[in-house]
Structures are given as structure tokens and as C-alpha cells.
Amino acid sequence: MPASTSSPDLVGERYGRTGRSRTFWYVFSAVAILLGVAWAWYAASAQSQPDVAAQVYGYEVVSDTSTQVELQVERSEGAAAVCEVYAIAQDHSIVGERTVDLPAGEPGSTRVSADIRTERRAVTGTIRTCRTTE
């Protein structure tokens, strides 16, 4: 039997029509992508200005049982902070650690020295975290 040419949508008649048009899915996809980009921008900007930032300014291996680490701490609001520093041996294991408490003070940059007692000779000192205490 020949196909009828009187109906323009033979596929729709045979299999049924879809519930949503292609335009809906294009708009839905565009909105979803925009929301994803907006969320990523917000999350990145919220994390880009931490209240406390610290880095190791220098370190000195004083002896087989002691390492001194000097930190450069930057506080945006002068809030009290706590930093965790540790000493690492040549085999990359942690041989000593210490928590350094910084009282509230003026905002800006501060240098802090921490003596870490080690179980054996360290080769470097580094910082794990630095955060405000609330």
C-alpha cells in the first residue's frame, strides 16, 4: 500500500509525538550551563580571599631532634589563627609537628618562628594548614 501524502507528519502519526520540542531542550541546556558557570564563579571567588594565608619563609635544621620553621602569616582581619607546621625526614615521613597559636592582632603580615621537636633528623620544615579560630 502506498504511503499517504496527505499528512505531513507521517513519523509522528506512526510512532507518536514527543512531549517536548527541541527548543525546550536547547533552552533547558543553556540555563543549566549558565547556572553551572555561575556556581563555579561564586565558589571560586569565595575561596580566593581566605582570612588567613601562610607560607614558609624559611627553615633551619638545628639538630637531629630540632627544626626551626619561620612562617609569613597574612591576616586580612587580624583575627586569631592557628597554624600546623611539621618537619619532614629524607624518606618523606613526618618526624615532628607543632601547632602554633597566633593571638588576634593587627591585620597584615606577621612573621612567626616555631621550634619543632623531631624524633630524628629532618631535612625540611613545612606548613600543613593555617586557619582562623572562631
Side-chain angles (χ1 to χ4, degrees):
M1 181 176 211
S4 170
T5 58
S6 62
S7 177
D9 188 15
L10 295 177
V11 175
E13 286 179 10
R14 183 171 192 172
Y15 299 109
R17 294 183 189 0
T18 59
R20 308 216 186 245
S21 67
R22 283 187 177 178
T23 306
F24 169 79
W25 291 113
Y26 289 137
V27 171
F28 178 79
S29 299
V31 169
I33 290 170
L34 286 174
L35 287 174
V37 169
W39 177 83
W41 175 79
Y42 171 75
S45 66
Q47 295 297 321
S48 66
Q49 296 295 329
D51 293 335
V52 176
Q55 63 183 14
V56 174
Y57 185 76
Y59 68 90
E60 180 182 358
V61 179
V62 179
S63 68
D64 287 346
T65 59
S66 180
T67 299
Q68 186 177 37
V69 179
E70 192 169 343
L71 304 174
Q72 181 82 23
V73 181
E74 191 76 35
R75 295 185 282 187
S76 61
E77 298 178 6
V82 61
C83 297
E84 296 175 16
V85 293
Y86 58 100
I88 300 176
Q90 188 171 6
D91 64 354
H92 303 285
S93 62
I94 297 174
V95 293
E97 58 187 312
R98 179 170 178 203
T99 302
V100 179
D101 293 315
L102 299 162
E106 292 293 320
S109 183
T110 306
R111 283 214 185 136
V112 178
S113 183
D115 292 318
I116 304 172
R117 193 164 179 82
T118 60
E119 61 186 34
R120 60 183 178 177
R121 189 164 192 85
V123 293
T124 188
T126 189
I127 187 166
R128 178 177 291 148
T129 62
C130 204
R131 58 182 164 68
T132 59
T133 57
E134 296 168 301

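Numbering of residues begins at 1 and proceeds along the displayed sequence. Just so it is clear, the values below take in all heavy atoms, side chains as well, and ignore hydrogens, waters and symmetry mates.
- Applying side-chain contact (heavy atoms from CB on, under 4.5 Å) to Ile116 and the options Val69, Val62, Thr65 leaves one that passes, Val69.
- Side chain of Thr118 to backbone of Asp64: a donor-acceptor contact under 3.5 angstrom is found.
- Counting only distance, with no hydrogens or angles, the side chain of Arg98 and the backbone of Arg117 share no donor-acceptor pair below 3.5 Å.
- Within 6.0 Å of atom CD in Gln90, 12 or fewer heavy atoms from other residues, nucleotides or ligands are found, so the atom counts as exposed in its surroundings.
- From Glu97, atom CD reaches atom OG1 of Thr67 across 13.0 Å, with rounding to the nearest 0.5 Å.
- With rounding to the nearest 0.5 Å, the separation of CD in Glu74 from OG in Ser109 is 4.5 Å.
- Val123 is not listed as a side-chain neighbour of Val61, based on a closest heavy-atom distance of 4.5 Å or more.
- Under a hydrophobic-cluster definition in which Ile, Leu, Val, Met, Phe, Trp and Tyr are linked whenever side-chain heavy atoms come within less than 4.5 Å, directly or via other members, Trp25 and Leu34 are assigned to different clusters.
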Derivation of the side-chain contact (heavy atoms from CB on, under 4.5 Å) call for Val82 and Val100: CA-CA 6 Å; Val82 61; Val100 179; over 6 Å; no
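- Using a 4.5 Å heavy-atom threshold, the side chains of Val56 and Leu71 count as touching.
- Hydrophobic clustering (side-chain heavy atoms under 4.5 Å, transitive across Ile, Leu, Val, Met, Phe, Trp, Tyr) groups Tyr59 together with Val73.
- Ser93 and Arg120 share a donor-acceptor pair across their side chains, judged by distance under 3.5 Å alone.
- Side-chain contact check for Glu77 versus Thr132: every heavy-atom pair is 4.5 Å or farther apart.
- Relative ring orientation between Phe24 and Phe28 is described as parallel, the plane-to-plane angle staying below 30° on a 0-90° scale split at 30° and 60°.
- Residues Ile127 and Cys83 come closest through the heavy atom pair CD1-CB, 4.3 Å.
- Between Val52 and Arg131 there is no side-chain heavy-atom pair separated by less than 4.5 Å.
- In this structure, OH on Tyr86 lies 9.5 Å from OG1 on Thr124, to the nearest 0.5 angstrom.
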